Peer 1: 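Okay, here's the structure, questions in a sec.
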Amino acid sequence: MQQLSSNIVPGNFYKPSELLSILRNFLSNKEINAVVLCLHGIYWKSDKMYGSVAYDQLKDENSAEEITIVVPQSLRADLKNGNLVSVYGTIDRKLQSKGSIQILLNVTRVDKIKELAVSDDEIKRAELRRIKSEFGYKNVDGLLEDKLFRGERPIIALIYAETSITNADFEKGVVAAKAYIDFHTYRVSFAKPAEFRVRLQQLDQKKYDAIALVRGGGSGIENLDNILIVETLVNLKTAWIYGVGHEKENLFIRNVADKVIPIPFALGTYFRDLVETVIQKRNSSRAALVQEVKRQYEKQIEDSNRRNKELTVQLEAIQRQRREQEKEMNKRLTEQTDQLKSYNQNLSKLQNENTRRQEENSQIMRELSNARAKNRELEEQLAQANRGCFMPGCLGIVAVVLLILLII
């Protein structure tokens with residue numbers, strides 16, 4: 001990664017924790033924090049207790065807007081859901097760790113204006129809204145994008161009113177998204193809560209990726225706020241989308257929907273835009289993946305070439321060492337061969353000399369043997385002469401023979 005040049009680095013830069021600390025101090029020092037305010041609205045209890053205080057809700061009488069109020073335990077005893085109250089306290093703005101700011105009212109006094117400012121159905125709806133918050137809202141965008149990105153086809157159940165022609169508006173918006181998403185259409189009477197509830201429960205068992213309520217505005221739309229329908233929608237395991245009515249129509253079920261897209265045409269364009277966005281992301285991701293693979297491949301080639309160069313150097317050194325070893329071995333072998341040749345030559349001379357001496361010795365032995373044989377012959381002749389002749393002349397002959405033997 002290339003480093004930023006010094007001329008574009010800001011003079012002062014902060015860590016996220018440092019910036020949050022600065023904002024926290026700024027918010028806590030505002031003069032409005034010291035002013036006691038009076039807020040008027042409908043009170044709703046919550047289960048969030050922290051020590052001796054509770055984080056309850058104060059709802060606007062004429063809209064869905066609400067604010068969290070921090071109420072001491074001692075002031076909650078006589079309050080019930082649906083009470084119209086005036087609460088007094090000071091504003092507190094809490095800076096969350098992720099950078100969001102929560103507006104709170106630290107309550108010091110409560111005046112009950114009216115026991116029940118809402119109907120039983122409204123109280124029940126508020127309770128269902130609390131239950132939905134506890135269950136958690138499903139991330140429809142993330143769920144569908146994940147499947148599309150993996151090349152899978154999401155399956156969506158579309159619920160229309162029995163006689164509605166809203167599907168035409170939806171079809172205009174959805175355009176080519178059908179090439180990537182499977183839509184299954186169902187029709188039911190929105191004016192029959194029991195029948196509608198059964199249909200929702202049946203679809204919830206079919207493991208759809210999402211269920212979408214699709215209906216235009218006008219008369220009868222208020223039927224969707226029936227407690228039985230709202231309760232069923234809150235308890236769905238499948239993510240569901242509100243695609244009902246006109247933009248200004250504000251049904252309660254919007255508050256418990258996992259995804260709100262008013263106007264059927266806009267619901268169609270939502271799926272179209274979702275598909276186009278994922279296709280674009282996939283193409284960008286594919287291009288980035290190709291570049292990453294290319295970069296890794298080039299690095300592998302570079303590493304391989306470097307390694308080959310190192311191995312070539314090592315191989316050349318080994319070959320040079322081997323040539324030197326072979327040269328030294330040949331030199332020694334030549335020396336040993338010369339020594340062996342000299343030895344063989346000397347040995348041959350010795351053998352020839354030995355043979356010659358043996359032959360000389362054999363010749364001497366033969367001559368000695370002949371001389372001895374001659375000597376014996378002479379001795380025999382002498383003996384015969386001694387036996388047959390005692391004359392002086394004979395003695396002289398004997399003496400000559402003996403002299404010859406002594407000479408030999």
Side-chain angles (χ1 to χ4, degrees), residues 17 19-139 225 227 230-231 233-235 242 250-258 260:
S17 59
L19 178 61
L20 292 177
S21 178
I22 293 172
L23 292 175
R24 190 176 292 110
N25 292 333
F26 173 78
L27 294 173
S28 65
N29 291 331
K30 298 298 288 183
E31 294 180 359
I32 193 172
N33 292 357
V35 177
V36 176
L37 301 178
C38 177
L39 299 182
H40 192 74
I42 301 173
Y43 173 78
W44 297 100
K45 285 187 175 181
S46 72
D47 297 330
K48 296 180 179 179
M49 292 290 299
Y50 296 91
S52 60
V53 297
Y55 284 70
D56 298 329
Q57 301 297 319
L58 188 68
K59 183 179 177 298
D60 195 296
E61 288 183 85
N62 302 315
S63 72
E65 303 298 329
E66 60 184 35
I67 187 174
T68 299
I69 55 177
V70 184
V71 186
Q73 180 69 26
S74 58
L75 298 180
R76 301 177 80 227
D78 296 331
L79 296 178
K80 297 179 181 178
N81 288 338
N83 290 161
L84 181 63
V85 298
S86 293
V87 295
Y88 301 81
T90 57
I91 289 291
D92 184 12
R93 283 161 289 187
K94 182 181 294 185
L95 187 63
Q96 306 293 337
S97 60
K98 293 185 178 180
S100 61
I101 300 175
Q102 183 183 19
I103 305 299
L104 305 171
L105 181 72
N106 292 315
V107 177
T108 57
R109 182 161 55 91
V110 179
D111 289 338
K112 186 186 300 184
I113 306 301
K114 187 176 181 181
E115 186 69 26
L116 287 178
V118 293
S119 66
D120 291 341
D121 282 352
E122 289 176 314
I123 294 175
K124 180 63 176 176
R125 291 190 189 101
E127 177 65 15
L128 291 171
R129 182 179 181 181
R130 182 188 66 79
I131 293 173
K132 177 65 177 180
S133 297
E134 291 181 354
F135 286 168
Y137 291 84
K138 300 175 180 66
N139 184 359
D225 272 348
I227 293 298
V230 175
E231 183 178 15
L233 291 171
V234 167
N235 289 286
Y242 174 95
N250 188 18
L251 295 179
F252 173 80
I253 61 169
R254 291 168 60 113
N255 298 300
V256 295
D258 296 304
V260 175

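Source: prediction; values computed, not measured.
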Peer 1: Any chance you could measure L58, atom CG, to Y43, atom OH, to the nearest 0.5 Å?
Peer 2: 10.0 Å

Peer 1: Measure from NZ or CZ of K132 to the centre of the six-membered ring of Y137, then state whether that distance is under 6.0 Å and the direction lies within 45° of the axis.
Peer 2: yes

Peer 1: When rounded to the nearest 0.5 angstrom, what is the spacing between CG in L37 and CG in N106?
Peer 2: 11.0 Å

Peer 1: Taking atom CD1 of I103 and atom CG of D92, what is their separation to the nearest 0.5 Å?
Peer 2: 8.5 Å

Peer 1: So do the side chains of Y242 and V256 get within less than 4.5 Å of each other, counting heavy atoms only?
Peer 2: no

Peer 1: State plainly whether the residues K124 and E127 are in salt-bridge range, i.e. N to O under 4.0 Å.
Peer 2: no

Peer 1: Does any part of the side chain of I91, heavy atoms only, come nearer than 4.5 Å to the side chain of L105, both counted from C-beta?
Peer 2: yes

Peer 1: For R76 and V71, which heavy atoms make the closest approach, and how far apart are they?
Peer 2: CG-CG1, 3.5 Å

Peer 1: Rounded to the nearest 0.5 Å, what separates atom CG in L233 from atom CZ in F252?
Peer 2: 10.5 Å

Peer 1: Indicate the atoms forming the closest heavy-atom contact of K45 with R130, along with that distance.
Peer 2: O-CD, 4.5 Å

Peer 1: What distance do D225 atom CG and L251 atom CG have between them, rounded to the nearest 0.5 Å?
Peer 2: 4.5 Å

Peer 1: So, the side chain of S46 versus the backbone of Y55: is there a donor-acceptor pair under 3.5 Å, distance only?
Peer 2: yes

Peer 1: Just to verify, which of V70, T90, L75 counts as forming a side chain to side chain contact (heavy atoms under 4.5 Å, CB included) with V107?
Peer 2: L75

Peer 1: Out of I42, L39, V110, which residue meets the side chain to side chain contact (heavy atoms under 4.5 Å, CB included) rule with V85?
Peer 2: V110

Peer 1: Can you tell me how far OH of Y88 sits from CZ of R109, rounded to the nearest 0.5 angstrom?
Peer 2: 4.5 Å

Peer 1: Can you see which heavy atom on T68 is nearest to which on Q57, and at what distance?
Peer 2: OG1-NE2, 3.2 Å

